[in-house]
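One structure is given here, and the rest of the page talks about it.
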Amino acid sequence: MSRKPHIVILATGGTIAGAAAAETGGAYTSGQIGVEDLLSVIPEIRNLAEVSGEEIASIGSQDMDESNWLPMARRCNELLARDDVDGLVITHGTDTMEETAYFLNLTIRSSKPVVVTGAMRPANAHSADGPMNLFEAVATAVCPDSCGRGVMVVTNDTVFGARDVTKSCTTAIHTFQAPNFGPLGHVHAQNVEFQRKPQRIHTTDSEFNVDNVKELPKVGIVYAHAGGDSAIAVEAFAANGYDGIIHAGFGNGNFNQTVGDALAKAARSGITVIRASRALSGAVTEAGEVDDARYGFIAAGLLNPQKARILLQLALTVTQDRDRIREFFKTY
Ligand code: GLU
């Protein structure tokens with residue numbers, strides 16, 4: 001390429017654009033600082049790429065939902081289809097970054113790099129992590145080796161796959177981890193080195209298309225704890241017309257029997273029930289303590305509950321067939 005790569009930065013808000021009352025951090029408001037202001041503190045980015053910015057939202061990512069995701073996926077696809085755009089960087093709050101990254105991983109139809117980044121410290125805190133994270137996100141987006149690896153999350157010198165990554169700590173800058181497989185690679189200043197590629201279906205091979213989807217099917221998450229009270233939450237989702245329920249179960253997707261009975265009743269009524277786990281790592285397997293065939297449940301495999309929710313929402317846009325949805329959980 002004779003010209004510099006052109007990277008579009010899509011800003012959504014979050015702490016990377018947050019302003020603190022005191023420079024030490026503490027109480028702050030997400031999404032106060034625009035893309036140009038973020039770029040102005042790291043002019044070196046323009047040595048790596050031509051960058052242009054769009055603000056598509058200005059929110060703390062705790063407020064991120066499908067009303068943002070659907071237009072965001074469409075905008076990403078429009079931009080990535082252009083010959084003059086070589087990759088995207090999306091700035092985002094860290095709270096739901098893994099969910100947005102996984103949603104885009106399944107709905108973007110391009111092998112060009114898409115990198116989601118954010119920060120744990122507000123832009124005007126001491127040792128703010130946002131500028132370096134943004135620089136390294138752009139470095140990853142311009143790296144030819146980044147193509148075809150699905151949507152990535154870059155923070156703290158580390159490149160994660162959207163499917164694997166999760167926020168593991170409330171406050172630390174090394175909050176993002178991929179508990180089962182570790183990162184895809186690392187970034188040191190502008191040098192990006194990959195160790196592996198995601199094996200599950202993503203981006204160009206994904207069959208999910210949200211171009212004409214106005215709203216996603218309703219899927220709720222029920223969290224397991226000692227005792228059977230969560231059955232009340234299962235019944236509330238069922239009574240409110242939910243299409244699916246993710247059970248964030250114990251260990252290998254286990255449940256208290258009262259909750260299991262409520263889930264089985266929901267499954268018999270046509271609601272898709274996925275067994276995920278509240279444990280940080282490991283797969284929920286079909287051949288564990290629960291007989292999924294008997295209950296009509298589907299095992300989430302390695303997806304955590306919040307990502308199992310996204311896959312089920314997208315799966316339900318194309319089918320209600322349980323065998324096909326079970327296959328999605330084995331391949332996506
Ligand atoms: N609640 C904020 C958000 O997710 C804080 C987390 C962050 O950006 O670090 O947008």
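Basis for what follows: all heavy atoms, side chains included, without hydrogens, waters or symmetry-related copies. Note that the structure is predicted; figures quoted are calculated from it, not measured.
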Step-by-step side-chain hydrogen bond (donor to acceptor under 3.5 Å, both in side chains) determination, Asn156 to Thr158 | CA-CA 5 Å; Asn156 200 37; Thr158 314; 5.0 Å; no
What about the rings of Phe208 and Phe328, do their centers lie closer together than 6.0 Å?
->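 Under 6.0 Å, so yes.
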Other residues, nucleotides, ligands: >12 heavy atoms within 6.0 Å of [X] [atom1]:
{"X": "Glu44", "atom1": "CD", "answer": "yes"}
{"X": "Glu289", "atom1": "CD", "answer": "no"}
{"X": "Glu193", "atom1": "CD", "answer": "no"}
{"X": "Lys265", "atom1": "NZ", "answer": "no"}
{"X": "Glu78", "atom1": "CD", "answer": "yes"}
{"X": "Asn47", "atom1": "CG", "answer": "yes"}

Does some side-chain heavy atom of Arg46 sit less than 4.5 Å from a side-chain heavy atom of Leu39?
-> yes
SB check Glu286 Arg275 (cutoff 4.0 Å) | no
Short N-O contact, Asp86 and Arg3, less than 4.0 angstrom |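 Salt bridge present between Asp86 and Arg3.
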Partner of Asp164 by salt bridge (charged side-chain N to carboxylate O under 4.0 Å, His left out), out of Arg200, Arg196, Lys307 | Arg196
Does a donor on one side chain sit under 3.5 Å from an acceptor on the other, for [X] and [Y]?
{"X": "His92", "Y": "Thr100", "value": "yes"}
{"X": "Thr319", "Y": "Asp321", "value": "no"}
{"X": "Tyr332", "Y": "Glu207", "value": "yes"}

Who passes side-chain contact (heavy atoms from CB on, under 4.5 Å) against Ala238, sequence neighbours left out?
-> Ile271
Separation of Leu134 CG from Ile9 CD1 (nearest 0.5 Å) |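 So the gap between those two atoms works out to 5.0 Å.
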To the nearest 0.5 Å, how far apart are CG in Asp157 and CD in Glu136?
->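 If we round to the nearest 0.5 Å, Asp157:CG and Glu136:CD are 4.0 Å apart.
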Closest approach of Asn252 to Gly288 (non-hydrogen atoms, all atoms of both residues) | ND2-CA, 3.7 Å
If every non-hydrogen atom of Ala276 is compared with every non-hydrogen atom of Ile246, which pair is closest and at what distance?
->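 Shortest heavy-atom separation between Ala276 and Ile246 comes out as CB-CG2, 3.9 Å.
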Any residue meeting side-chain hydrogen bond (donor to acceptor under 3.5 Å, both in side chains) with Gln313, in chain and number order, not counting sequence neighbours | none
Grouping I, L, V, M, F, W and Y whenever their side-chain heavy atoms are under 4.5 Å apart, do [X] and [Y] come out in a common cluster?
{"X": "Leu10", "Y": "Val210", "answer": "yes"}
{"X": "Leu216", "Y": "Phe237", "answer": "no"}
{"X": "Val222", "Y": "Phe250", "answer": "no"}

side-chain hydrogen bond (donor to acceptor under 3.5 Å, both in side chains) assessment of Thr175 paired with Lys167 | CA-CA 5 Å; Thr175 184; Lys167 185 173 184 178; 5.4 Å; no
Parallel, tilted or perpendicular: which fits the ring planes of Phe297 and Phe255, with parallel below 30° and perpendicular above 60°?
-> perpendicular
Assess Arg149 against Phe194: is NZ or CZ under 6.0 Å from the centre of the six-membered ring, and within 45 degrees of the ring's axis?
->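 Verdict for Phe194: a cation-pi partner in Arg149.
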